[in-house]
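Below is one structure, written out as structure tokens; the observations come after it.
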Number of protein chains: 2
Amino acid sequence: MTIATVARHAQVSRQTVSNVLNAPHIVREDTRRRVQEAITALGYRANQAARQMRTGRSRLIAVRIEPTRDGINGSVLDRFLHGLTETADAAGYRVMLYTAGDDNQEIATYDDLLGAYDLDAFVLTGTKHGDPRTAWLAGREVPFVTFGRPWDAPESHPWVDVDNADGTAQATRRLLDTGHRRIAFIGWPTGSGVGDDRHTGWRTTMAAAGIDAADLRRSTEDGIAAGEREMRALLTTAEPPTAVVCASDSLALGALQAVRDTGTPAAVIGFDDTPVAAAVGLTSVSQPLAAAAARCVELLTGVLDGQPTNPHVLLQPALVLRHTA
Amino acid sequence: MTIATVARHAQVSRQTVSNVLNAPHIVREDTRRRVQEAITALGYRANQAARQMRTGRSRLIAVRIEPTRDGINGSVLDRFLHGLTETADAAGYRVMLYTAGDDNQEIATYDDLLGAYDLDAFVLTGTKHGDPRTAWLAGREVPFVTFGRPWDAPESHPWVDVDNADGTAQATRRLLDTGHRRIAFIGWPTGSGVGDDRHTGWRTTMAAAGIDAADLRRSTEDGIAAGEREMRALLTTAEPPTAVVCASDSLALGALQAVRDTGTPAAVIGFDDTPVAAAVGLTSVSQPLAAAAARCVELLTGVLDGQPTNPHVLLQPALVLRHTA
DNA sequence: TTGTAGGCGTTATCAG
DNA sequence: CTGATAACGCCTACAA
């Protein structure tokens with residue numbers, strides 16, 4: 001079934017059908033309705049391949065799916081992907097997946113995807129300092145949005161991000177409000193934008209409260225085991241903390257285990273509000289992932305339709321209170 | 001850049017370039033090499049839209065992405081998706097994502113996707129008794145594979161599945177081998193194919209060992225809390241079990257918590273070998289998800305290329321021993 | 001408003 | 001083995 005079938009069925013020219021589809025305002029009211037009826041009656045759908053060949057646009061956006069490194073934090077990308085698929089859907093776009101081992105492979109994939117499928121845009125996650133991917137895409141003038149700030153040059157391209165510092169700040173304030181003073185922070189080594197941001201929220205909030213907590217900061221790789229190890233170390237010092245803010249739920253889960261094993265009561269707050277946190281009653285900072293995905297699509301459609309929108313979106317996370325703090 | 005650019009560059013006709021791409025064997029050796037060189041030199045990529053218009057094939061397969069219900073088990077689909085994307089990639093196919101609230105919506109989406117993008121095939125996950133989706137697709141003669149058996153009519157369409165019963169059987173045998181006799185099973189209510197299958201493995205293995213364990217079976221919804229509740233109940237009976245096999249890692253995690261809280265030593269084995277299980281040292285049954293994804297793609301390409309392959313694949317899971325059993 | 005002509009890049013058909 | 005030609009379904013002029 002083609003546009004001609006619809007035209008015949010509605011007693012109009014093919015051109016009119018095309019107009020109803022692409023420029024409804026220039027078609028007379030009743031004609032338009034008649035055509036619309038024919039379209040639904042026949043279940044007609046414009047063939048994207050033909051449309052793309054003519055317009056050069058595919059209504060396809062690509063997102064990379066990463067190997068599950070850490071099962072707990074992996075669900076974050078999962079939820080983002082779900083949100084993205086849904087919002088893209090609503091905006092008339094489809095999401096295409098790809099994988100890549102490293103940045104070079106990923107760039108090669110861009111080339112591939114662009115050449116073969118004429119992708120309209122890319123959504124990148126997990127930006128880092130000096131990201132070569134954004135440079136390549138920008139150089140080719142391929143539309144893209146990142147979920148995560150470009151840590152080097154904030155103005156260089158459209159992005160959506162969550163205010164990580166505000167998240168840990170909220171967590172720290174909550175602990176201060178409930179009487180805690182010795183509040184530790186278990187995070188990642190300096191160098192990752194996200195990790196540094198989460199650290200900053202704790203540090204500045206503690207400083208604002210006039211508390212020197214430099215000795216309560218621990219840096220480690222992510223994971224339950226690492227969290228447990230660090231928390232155990234903190235709890236066995238001369239002046240142990242009474243609470244801890246963690247850069248991830250994995251770390252927090254480990255910390256929680258250390259707290260329980262050593263029998264020392266201490267409040268624990270995680271980050272990402274993963275379903276595991278919900279299951280074990282862990283208080284955690286929740287990222288608005290669905291909203292982030294929606295804003296990404298919004299930014300993208302804005303760029304694709306040539307409408308100027310504010311290209312930088314910083315969303316606020318929310319603290320979800322449960323049993324551990 | 002089009003096929004004509006390559007043809008000019010290699011001093012041949014457009015048709016010859018097309019032949020090199022689609023039927024290399026009918027082109028003379030040196031000509032083929034010259035064309036190949038031109039292709040790589042120019043970085044040429046066949047335009048899928050044009051190709052699709054001509055051949056009616058898009059080299060696109062669709063997979064549904066589900067909302068994360070349970071964060072722990074959610075990672076299973078995640079890993080499957082990753083494997084699928086990778087293998088599809090290698091076979092020259094791309095993965096397209098879609099969401100749907102229920103079966104009817106999903107079927108409507110099939111219609112959409114098929115009409116607009118001419119999808120080559122679908123991969124369905126989470127099959128259930130009397131699945132309307134497979135019926136619709138079969139009725140339209142759309143190629144598809146399911147990851148999960150069609151529980152009603154095993155022969156009705158190509159599928160790949162993991163032998164769940166064998167997984168719990170392995171777990172149960174391991175516990176028997178290490179001296180356990182009172183081995184409990186915490187699973188889901190009867191009615192789901194996967195759940196019943198996992199229950200069967202435990203039941204038959206116990207029966208084969210001559211042990212009556214009917215009183216040690218508990219059915220509940222999935223989740224850590226449910227697992228903890230059920231295990232706690234089991235442990236406080238007159239004759240508590242010394243070990244438990246769970247239908248999921250979530251349940252097992254809960255059971256583990258109950259074991260630790262009550263101070264009763266008991267072995268625990270989970271199912272799915274999620275990264276969380278790895279993190280906490282939980283012994284678990286591992287599904288070969290990458291292999292499953294690969295077989296799905298294999299089956300699909302077989303169908304699409306008209307090659308007859310065995311359309312039913314049952315993969316064996318493996319028990320991953322850690323600290324809890 | 002409607003109809004007609006042309007072309008997007010590819011592949012299939014058919015003659016050389 | 002190579003070269004010309006038509007066709008896939010759609011959209012954008014342009015003329016009516």
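Order of the sequence lines fixes the chain letters, A, B, ..., with proteins taken first and strands second; residue numbering starts at 1 for each chain.
Side-chain atoms of B:W159 and B:H312 include a donor-acceptor pair closer than 3.5 Å.
The side chain of B:T2 has C:dT10 as its nearest neighbour among C:dT10, C:dT11, D:dG3. Nearest to the side-chain atoms of B:V12 among the listed nucleotides D:dC11, D:dG3, C:dT10 stands D:dG3. Here the side chain of B:V27 is nearest to one of D:dT2, D:dC10, C:dT10, namely D:dT2. Of the listed nucleotides (C:dT11, C:dT2, D:dT2), C:dT11 has the atom at the smallest distance from the side chain of B:S18. Which of C:dT10, C:dT2, D:dT2 sits closest to the side chain of B:A46 comes down to C:dT10. Among the nucleotides D:dG9, C:dA12, D:dC11, the one closest to the side chain of A:A50 is D:dG9.
Following rounding to the nearest Å, B:Q11 (CD) and D:dT2 (P) show an atom-to-atom distance of 13 Å. With rounding to whole Å, B:I3 atom CD1 is found 14 Å from D:dT2 atom P. Nucleotide C:dG7 holds its C1' atom 16 Å from the CD atom of A:Q52, rounded to whole Å.
Among the atoms of the strands shown, none is found under 4.0 Å from any heavy atom of B:L21.
Contact check on A:R59 versus A:D120 returns no salt bridge, with no Lys/Arg side-chain nitrogen under 4.0 Å from an Asp/Glu carboxylate oxygen. Using a cutoff of 4.0 Å between basic side-chain nitrogens and carboxylate oxygens, A:K128 and A:D103 are scored as salt-bridged. Using a 4.0 Å cut-off between charged side-chain N and carboxylate O, B:E37 and B:R34 make no salt bridge.
Nearest-nucleotide positions on DNA chain D place B:Q15 closer to the 5' end than the other of A:N22 and B:Q15. If B:M53 and B:R28 are placed on DNA chain D by their nearest nucleotide, the residue sitting closer to the 5' end is B:R28.
Within 3.5 Å, a donor on the side chain of A:R54 pairs with an acceptor on the base of D:dC11, or the reverse.
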